[in-house]
Student: 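If you scroll down you'll find the structure; I have some questions about it.
The sequence lines fix the lettering, A, B, ..., with proteins before strands; numbering per chain opens at 1. Note that these values count all heavy atoms, side chains included, but never hydrogens, waters or copies made by symmetry.
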Protein chains: 2
Amino acid sequence: MFQQAKQNRIFQDVINQIQEAILKGELKVGDKLPAERELKEIFKTSRGTLREALRVLEQKGLIAIKTGVNGGAFVKPVTTHQVSESLDLLVRYQRVSLKDLAEFREGVEGIVTGLAAERAKKEDIQYLMNLLKEAKIHIDEGVSHWDEFIRVDNTLHMAMAHIAGNPVYQSVLQIVHDNINRYYDQFLPKEEEIMRENYQDLCGIVKAVEDRQAVKSRVLAQDHVHRFYRFMEEKEKRQEKYSP
Amino acid sequence: MFQQAKQNRIFQDVINQIQEAILKGELKVGDKLPAERELKEIFKTSRGTLREALRVLEQKGLIAIKTGVNGGAFVKPVTTHQVSESLDLLVRYQRVSLKDLAEFREGVEGIVTGLAAERAKKEDIQYLMNLLKEAKIHIDEGVSHWDEFIRVDNTLHMAMAHIAGNPVYQSVLQIVHDNINRYYDQFLPKEEEIMRENYQDLCGIVKAVEDRQAVKSRVLAQDHVHRFYRFMEEKEKRQEKYSP
DNA sequence: ATGTTATAATGGTTAAACAATTCTAATAAA
DNA sequence: TTTATTAGAATTGTTTAACCATTATAACAT
């Protein structure tokens, strides 16, 4: 019920103060914090304690530290990187499975594509068309262009999130992609047939978005993601069967 | 294309070594690392540098540090907490709007409730029923039990995520709730009428889940969340109008 | 102009000590 | 005997002061 009341550790207090200053905007992206030897005076603490605080802020992705003249701690723009890293840790610690991640992606990708269908402007559709053209080129090159095809596929999905225009969806989808791509390398069989099928999926999705068919877009996007997951699941089983 | 090659910082090497030992299972949950003064000898470094490494590992959620006799650094079970914290930071840093957050919640809540409808067991339904009973009690007490009602509402939504059985959805929804509750206090008008309407929503949702109607569950849950958002939006406008 | 070097500012590391916390066991009191 | 108190030791938390490593800049040389 109650939280531990004490706040004994000095470095934690320093972390809190600097973090709040950044979140409140008192320290803006690119701003340089005072040098360690100055901060030490400001917080009335020792350099060691201060450095423990800076290490944590660096780990949180709030600051970057450079050595040398004109070096120091600089406020960083916050990105999805830290979330991805902690999610990666969860996956590697086996607290989150491929199945969980793929199911989550399926849901989010569906919503995002549905929203994109409602909100796409002419130039958005044009951009999607161009991505499809690019994908087609890679398919015609065969499996040697597998990686490029996957890259275009990802770009297209992220474009949907951008069209949907909600930064929360954009960030979350970015994080899921970053993490799930590691599985692709491991489990997704690199076959031309799969490239072609997925290209057909993408064409259908873009068509539905163009026609402003939100529900159809959502369902197609979900099926598309789900198919990727099934391929991986099958390959995983084959690998277990033949090389245990 | 290429990553920076150098690896100058000693503390980073210490972090990597300990983290790998934990992820490989060489250090198991609950295990105690050697005392700082021993680790210092093992890694042939100074205590200050070593402590910077321990601070980062603590921040990552991999270890917990206790003072006193029998204290030290203990390997922690990895939870979704770190993902939540970093995602929370991302949301706060980007100053995500209420609209974006509410829209995201609408989508996720819909999916989760749909999945719950497909997967709920008898005892899950029973638990949801009990929550509804509890909510009813608070409603009959009127707006004085507003906070308790909101708490039950949140519990019910989190229960859906639990029933859906996917830890990713659970974490994400938890974070959204934590963040959106800040807005509730500020913008949601505390009226008995709203309590009653939302109670009716919840009853409808639980009924749909009980009947295994996934699509209906999803739509009802989305509408429910959307109504909350509309209330807040209206109050926000009124506040702008009368006290600018 | 261009290349080299010295300088100084800054983070990175080390060492040794003392403070604060907390478990354990010895001791005292009931 | 049981319970309360106290002393001790192990451990993290903090401080201080010095030195090392990196790097931008300015002075200097070519």
Student: Can you list the steps and then say if A:Arg55 with B:Phe11 is a side chain to side chain contact (heavy atoms under 4.5 Å, CB included)?
Tutor: CA-CA 10 Å; A:Arg55 259 321 65 81; B:Phe11 71 83; 3.2 Å; yes
Student: Can you measure B:Lys32 atom NZ to C:dT22 atom C1' for me and round it to whole angstrom units?
Tutor: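 Computing the B:Lys32:NZ to C:dT22:C1' distance gives 12 Å.
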Student: Which whole-number value in Å describes the distance from B:Leu39 CG to C:dT14 P?
Tutor: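 About 14 Å, once rounded to whole Å.
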Student: I'd like to know if the side chain of B:Asp178 pairs up with that of B:Gln174 as donor and acceptor (distance under 3.5 Å, no hydrogens or angles considered).
Tutor: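 Yes.
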Student: Would you list the protein and nucleotides 25-27 of chain D atom pairs, both N or O, that sit under 3.5 Å from each other?
Tutor:
none

Student: Confirm from the modelled atom types if B:Arg9 and C:dG11 form a donor-acceptor pair under 3.5 Å, side chain to base only.
Tutor: no
Student: To the nearest Å, give me how far apart CD1 (B:Ile10) and C1' (D:dT22) are.
Tutor: 14 Å
Student: How about A:Lys32: does its NZ atom have over 12 heavy atoms from other parts shown lying under 6.0 Å from it?
Tutor: yes
Student: Using whole Å, what does the distance between atom C1' of nucleotide C:dA16 and atom NZ of B:Lys40 come to?
Tutor: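 Answer to the nearest Å: 9 Å.
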Student: Within a reach of under 6.0 Å around NE2 of B:His177, are more than 12 heavy atoms found that belong to other residues, nucleotides or ligands?
Tutor: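 Yes, because the 6.0 Å sphere around NE2 of B:His177 holds more than 12 heavy atoms from other groups.
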Student: For residues 49-61 of chain B, which residues have at least one heavy atom under 4.0 Å from DNA chain C?
Tutor: B:Thr49
Student: May I ask you to verify if any side-chain N or O of B:Ser46 is less than 4.0 angstrom from the OP1 or OP2 atom of C:dT13?
Tutor: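 False: B:Ser46 side-chain N/O out of range (4.0 Å or more) of C:dT13 OP1/OP2.
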Student: Look at the side chain of A:Thr67 and decide which nucleotide, out of C:dT13, D:dT15, D:dT22, has an atom nearest to it.
Tutor: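 Nucleotide nearest to A:Thr67's side chain: D:dT22.
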Student: Measure from CZ on A:Phe11 to P on D:dT15 and round the result to the nearest Å.
Tutor: 12 Å
Student: Rounded to the nearest 0.5 Å, what separates atom CD1 in B:Ile175 from atom OG in B:Ser86?
Tutor: 7.5 Å
Student: Taking the inter-plane angle between the rings of B:His138 and B:His145 on a 0 to 90° scale, is it parallel (under 30°), tilted (30 to 60°) or perpendicular (over 60°)?
Tutor: tilted
Student: From CD of B:Glu41 over to C1' of C:dA16, roughly how many Å is that when rounded to an integer?
Tutor: 13 Å
Student: Whole angstrom is fine here: how far is it from CD in B:Gln12 over to C1' in C:dG11?
Tutor: 15 Å
Student: Return yes if some donor-acceptor pair links the side-chain N/O of B:Lys44 with the main-chain N/O of B:Glu41 below 3.5 Å, else return no.
Tutor: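 Between the backbone of B:Glu41 and the side chain of B:Lys44 there is a qualifying donor-acceptor contact (under 3.5 Å).
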Student: Does the side chain of B:Asn16 pick up a donor-acceptor pair with the side chain of B:Glu20 at under 3.5 Å?
Tutor: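 Judged by distance alone, the side chains do not pair up.
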Student: On DNA chain D, check which nucleotide each of A:Lys66 and A:Thr45 is closest to and give me the residue with the more 5' one.
Tutor: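 Between the two, 5'-proximity favours A:Thr45.
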Student: Going by distance alone, is a donor N or O of one side chain under 3.5 Å from an acceptor N or O of the other, for B:Asn130 and B:Glu134?
Tutor: no
